S.K.: 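Please read through the structure below; I'll follow up with questions.
Source: prediction; values computed, not measured. Every chain is numbered from 1 and lettered A, B, ... according to where its sequence line falls, protein lines coming before strand lines.
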Amino acid sequence: MGLPPLRLTTALVVLPLLASLGGSPRAGATPSNQRPTTSTSEARGGRAAGGPELFYVASPWGEAATASEIGVAQPGPDGLRRAQWGAVTHGPGAVVRGIVVPTEGPRRVAVVAASGSVSAQGSDFDAALHVLENGLELPLSVEGLVRGSRPLAWPDGSLIVEGGNVGEVPDSVRAARGALREDHLFVDAVSGVDGRRRRLVEARGYALHVAGVMGRRVVVERIDDAGAALLLVDVTGSEPPRVITLLPPFARDFSGDGASLVFVNRDADERAIWAVQRATLVGGRMETSTLTRQRGDAPAPFLLADGLLARTAPNRLGLVIGSERLSFGGDAFDAVVAANDDGTWMAVDHLPADPRAEEIFLVQRPRGAALPLRATGSRVEVLGFADAPGRVVR
Amino acid sequence: MKRGGLPTLAVGAFLATQGQAQGAYCPSYTPALTSGSGGARCAVAPADGTNPDLVTWTSIFDVVGDGPSGWGPAGPSTTAGLPVGCGKPTSRRVVSPHFPCPVLQAIAMQESGWRQFCVPTTPAAVVGTGSRTLVTFDCGYGVGQVTSGMRVGEAPSFDRSRVAADPLYNLATGALLLRDKWAVTPCVGDRNPDLVEDWYGALWAYNGLSYANNPNNPNLKAGRGVYDPTVGGAFAYQERVLGWMEHPPSPVHWVAVAAAYPDRGDLAAGLPSSGLPEPTCASPTNCATSRGVHLSPCAGSPRDGGVDTAGSVTPEGGVAPIDGGPLAPSTPDEGGGVPPFSGDGVIDDGGTEGEGAVAATDDNAAVDGGCGCRVGVASPLETWWPVGGCVAFALCVSARRRRPVRRSARR
């Protein structure tokens with residue numbers, strides 16, 4: 001199927017064509033009511049031919065749904081094929097985020113979702129880890145995790161998760177200074193087999209965010225009243241966590257290639273400037289370089305396999321990759337949220353002002369062909385490509 | 001307040017309003033049923049009762065919006081005032097507590113779906129009983145989900161039984177707790193309680209001042225827009241409340257307010273001690289498009305000299321007084337500046353056009369029941385006329401925006 005490169009000027013022409021491609025789910029269909037173009041069993045266990053498989057989780061709109069579907073989408077000669085792979089139950093309206101777990105054996109997906117248990121409702125740490133193998137949930141019990149957080153899969157199959165316990169609300173003096181509640185926070189490594197937990201780092205503060213991987217260590221962003229720092233955490237526990245750099249407490253949207261991390265952060269001095277930065281570990285010390293600066297809105301960056309930087313275009317006018325600007329279905333906040341192993345496919349979250357018009361596009365590089373996931377009626381969170389579990393934004 | 005709110009309840013209320021829901025989720029924990037949880041132990045029993053109708057609810061919001069001077073013995077008493085002004089340029093002083101109706105209405109929708117009472121669906125021991133106080137496992141009571149002071153061992157200054165039994169008293173208690181948050185958090189803008197946006201920090205604190213509600217939280221989606229309850233997703237608590245404000249369950253509940261958001265670049269790990277500038281962003285993450293701030297449609301009591309509130313949205317999304325000059329502190333005695341606005345304000349999202357005045361004239365007093373807290377509900381025609389009234393009012397005010405008129409309180 002020869003799809004033309006998608007450019008700003010051709011987007012409106014191409015997209016209706018894409019929608020009419022055979023096998024592409026019809027517009028307006030929800031994951032639960034559309035007919036998959038691959039069988040569920042094939043999706044769960046098979047490794048079908050075609051483009052890379054993208055795993056995602058679709059949660060029905062609103063605040064009442066207590067189940068979300070995990071699906072797999074794959075570009076093929078006839079367009080995008082989608083199928084349900086599994087499902088997860090959770091608390092009402094929960095945000096479900098997760099990852100594909102690298103494994104030689106059966107396919108695995110791990111997601112974190114707010115719990116439906118009464119005792120946990122209402123807390124910032126009311127989420128639980130769910131691990132699914134071939135679409136079926138394993139009987140693990142890992143709770144007390146940060147709501148809306150995304151686990152990180154380690155090559156040995158363990159899962160790195162953020163959790164905590166609610167601390168004391170600041171007294172009036174500290175609150176007047178702008179202080180927040182200080183929680184007891186931790187990052188744990190969890191066995192994907194039996195749920196056994198091992199503490200990697202803990203702190204009292206605002207947040208411990210699992211930002212990514214550098215070499216054989218996990219990078220954790222620590223945020224507290226004093227600011228923010230990146231910690232290097234040894235998963236084996238053979239050496240204590242250590243601070244590798246201090247930074248302004250605005251860093252987010254981390255992605256990397258295993259050797260370096262790219263993220264966006266507010267400029268240390270100028271409040272209106274957001275900088276996309278690349279951090280690399282050199283001789284045990286962090287070296288940071290600024291890739292681009294943008295006034296006003298914070299772009300969402302993503303480091304592609306070929307070393308190019310993808311980022312949200314200024315003024316929410318699509319996506320910039322290198323020096324090229326792409327647009328998918330009109331102006332919106334576009335952000336690359338995952339890419340496959342060789343960087344030829346990426347998942348783009350297309351977020352217009354109206355959240356009902358949000359769409360996930362599978363975009364082929366370098367041609368720019370874009371296939372909409374069309375999970376209308378659902379909030380979609382991308383879990384990652386099966387061939388590149390670690391290449392997701394964090 | 002309950003930290004996470006009760007989104008299912010909110011949705012349930014919305015659906016119930018639309019006549020689509022049956023048997024919405026309803027916890028009603030008793031002291032006995034919470035005694036063994038190892039956590040909260042609720043101090044008072046749920047009370048039997050039924051919810052006010054929509055007209056009564058809006059009247060309750062109207063009364064509570066006026067603060068203790070409005071609710072009198074119907075609510076808890078307090079001697080605490082409301083600090084206003086942040087030297088930008090309004091000088092700091094203390095006035096009688098009062099609250100923007102949209103803020104109260106949206107909080108209550110987020111917390112309970114405007115339900116003081118419901119027919120219990122959990123825990124199992126109370127299923128089958130009649131309509132009674134909505135009480136969560138962590139002792140969040142009623143429409144305002146009042147949690148503080150509602151546990152065994154706590155000794156609040158308010159009457160806990162009335163929190164459980166009386167919707168107005170419950171909401172008024174929640175409002176006073178919101179006042180407490182307002183009083184201890186850094187300024188937003190010039191700390192004008194009649195601007196809904198200036199409650200941003202208090203709303204954050206109402207949910208426990210947690211980092212999860214920092215708009216820079218990396219676990220919140222990049223580029224997220226305004227929270228839409230019918231879509232859901234990950235948002236900070238205060239973003240949820242502001243999102244409810246913009247997406248009321250129906251026009252009958254309240255007139256939509258497209259609030260402005262602070263620039264998240266102005267924040268720190270927490271709230272900056274120096275305060276936040278007046279919010280101007282079109283969404284939690286989008287400051288490329290601006291919005292103006294919004295005056296409470298039920299602002300209006302004289303309140304100790306009041307605060308300079310009448311203003312119009314500028315092209316930059318800021319606030320300027322109707323005469324176009326800089327905002328200046330004013331007191332009725334001095335006759336300077338613009339007096340407190342008294343109800344029935346026009347809500348406009350400002351957008352990028354720079355239009356959308358927020359102003360008050362004596363002529364607008366006739367719109368009572370349209371843009372204020374009291375929104376009528378009867379026939380379909382009556383249901384929709386307030387919206388039309390607001391539009392007409394907007395057009396009217398737009399034409400008159402450079403003619404500020406001093407007026408007295410509506411209530």
S.K.: Shorter than 4.5 Å, heavy atoms on both sides: which option in B:Gly270, B:Cys187, B:Ser274 has the most such pairs with chain A?
M.R.: B:Gly270
S.K.: Determine whether a donor-acceptor pair (N or O, by modelled atom type, separation under 3.5 Å) exists between the side chain of A:Asp297 and the backbone of B:Cys287.
M.R.: yes
S.K.: Which heavy atom in B:Leu271 sits nearest to a heavy atom in A:Leu180, and how many Å separate them?
M.R.: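 Smallest interatomic distance, heavy atoms only, reads N-CD2, 4.4 Å.
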S.K.: Output the option from B:Leu220, B:Asp263, B:Val226 having the highest count of non-hydrogen pairs under 4.5 Å with chain A.
M.R.: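 The candidate making the most pairs under 4.5 Å is B:Leu220.
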S.K.: Taking C-beta and beyond as the side chain, do A:Pro170 and B:Leu209 meet within less than 4.5 Å on heavy atoms?
M.R.: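 Of all side-chain heavy-atom pairs linking B:Leu209 with A:Pro170, at least one is under 4.5 Å.
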S.K.: Non-hydrogen atoms of chain B under 4.5 Å away: do they reach the side chain of A:Glu221, the backbone, both or neither?
M.R.: side chain
S.K.: Would B:Leu267 and A:Arg266 count as a side-chain contact (heavy atoms from CB on, under 4.5 Å) here? Give the steps.
M.R.: CA-CA 10 Å; B:Leu267 286 158; A:Arg266 203 206 70 187; over 6 Å; no
S.K.: Top residue by heavy-atom pair count (under 4.5 Å) with chain B, among A:Ala65, A:Gly296, A:Gly148, A:Ala228?
M.R.: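 Ranked by heavy-atom pairs under 4.5 Å with chain B, first place is A:Gly148.
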S.K.: Would you mind checking which part of B:Ala268 comes under 4.5 Å of any heavy atom in chain A, side chain (CB onward), backbone (N, CA, C, O), both or neither?
M.R.: backbone
S.K.: Of all residues at least two apart in sequence or in a different chain, which pass the salt bridge (Lys or Arg N to Asp or Glu O under 4.0 Å) check with B:Arg179?
M.R.: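 Salt bridge (Lys or Arg N to Asp or Glu O under 4.0 Å) list for B:Arg179, sorted by chain: empty.
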S.K.: Only pairs of heavy atoms separated by less than 4.5 Å count here; which of B:Ala282, B:Gly265, B:Pro215 has the most with chain A?
M.R.: B:Gly265
S.K.: With sequence neighbours excluded, tell me which residues meet salt bridge (Lys or Arg N to Asp or Glu O under 4.0 Å) with A:Glu162.
M.R.: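 Testing A:Glu162 for salt bridge (Lys or Arg N to Asp or Glu O under 4.0 Å), a comparison that skips the adjacent residues, returns none.
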S.K.: Given heavy-atom pairs under 4.5 angstrom as the criterion, report whether the side chain, backbone, both or neither of A:Ala332 touches chain B.
M.R.: neither
S.K.: Which region of A:Ala335, side chain (C-beta onward) or backbone (N, CA, C, O), has a non-hydrogen atom less than 4.5 Å from a non-hydrogen atom of chain B, or is it both or neither?
M.R.: neither
S.K.: Heavy-atom cut-off 4.5 Å, strictly under: side chain, backbone, both or neither for A:Phe333 against chain B?
M.R.: side chain
S.K.: Check whether any side-chain N or O of A:Arg379 sits under 3.5 Å from a backbone N or O of B:Val231 as a donor-acceptor pair, and report yes or no.
M.R.: yes
S.K.: Could you check whether any side-chain N or O of A:Arg252 sits under 3.5 Å from a backbone N or O of B:Asn217, counting only pairs where one atom can act as donor and the other as acceptor?
M.R.: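 Judged by distance alone, yes, a pair lies under 3.5 Å.
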S.K.: Between B:Ser210 and A:Asp124, is there a side-chain donor-acceptor contact under 3.5 Å, judged purely by atom types and distance?
M.R.: yes
S.K.: Tell me, for A:Glu358 versus chain B, whether the close heavy atoms (under 4.5 Å) come from the side chain, the backbone, both or neither.
M.R.: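 Contact with chain B is through the side chain of A:Glu358 alone.
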S.K.: Would you mind telling me which of A:Leu351, A:Ile273, A:Asp224, A:Asp354 has the largest number of heavy-atom pairs within less than 4.5 Å of chain B?
M.R.: A:Leu351
S.K.: Quick one: what part of B:Asp180 sits under 4.5 Å from any heavy atom of chain A, side chain, backbone, both or neither?
M.R.: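 For B:Asp180, neither part sits under 4.5 Å from chain A.
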S.K.: Scan side-chain atoms only and decide if B:Thr285 and A:Arg316 contain a donor-acceptor pair under the 3.5 Å cut-off.
M.R.: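 Distance-only check passes for B:Thr285 and A:Arg316.
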S.K.: Heavy atoms, side chains only, cut-off 4.5 Å: are B:Tyr211 and A:Glu182 in contact?
M.R.: no
S.K.: Flag the pair B:Arg240 and A:Glu63 as a salt bridge only when some basic side-chain nitrogen lies within less than 4.0 angstrom of an acidic carboxylate oxygen.
M.R.: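 Yes, this pair counts.
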S.K.: Counting heavy-atom pairs under 4.5 Å with chain A, which one of B:Gly275, B:Gly225, B:Ala269, B:Ala212 comes out on top?
M.R.: B:Ala269
S.K.: Does any heavy atom of chain B fall under 4.5 Å from the side chain of A:Val146, the backbone, both, or neither of them?
M.R.: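 Side chain only.
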S.K.: Under 4.5 Å heavy-atom distance to chain B, tell me which part of A:Arg97 shows up: side chain, backbone, both or neither.
M.R.: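 Contact with chain B involves the side chain of A:Arg97 alone.
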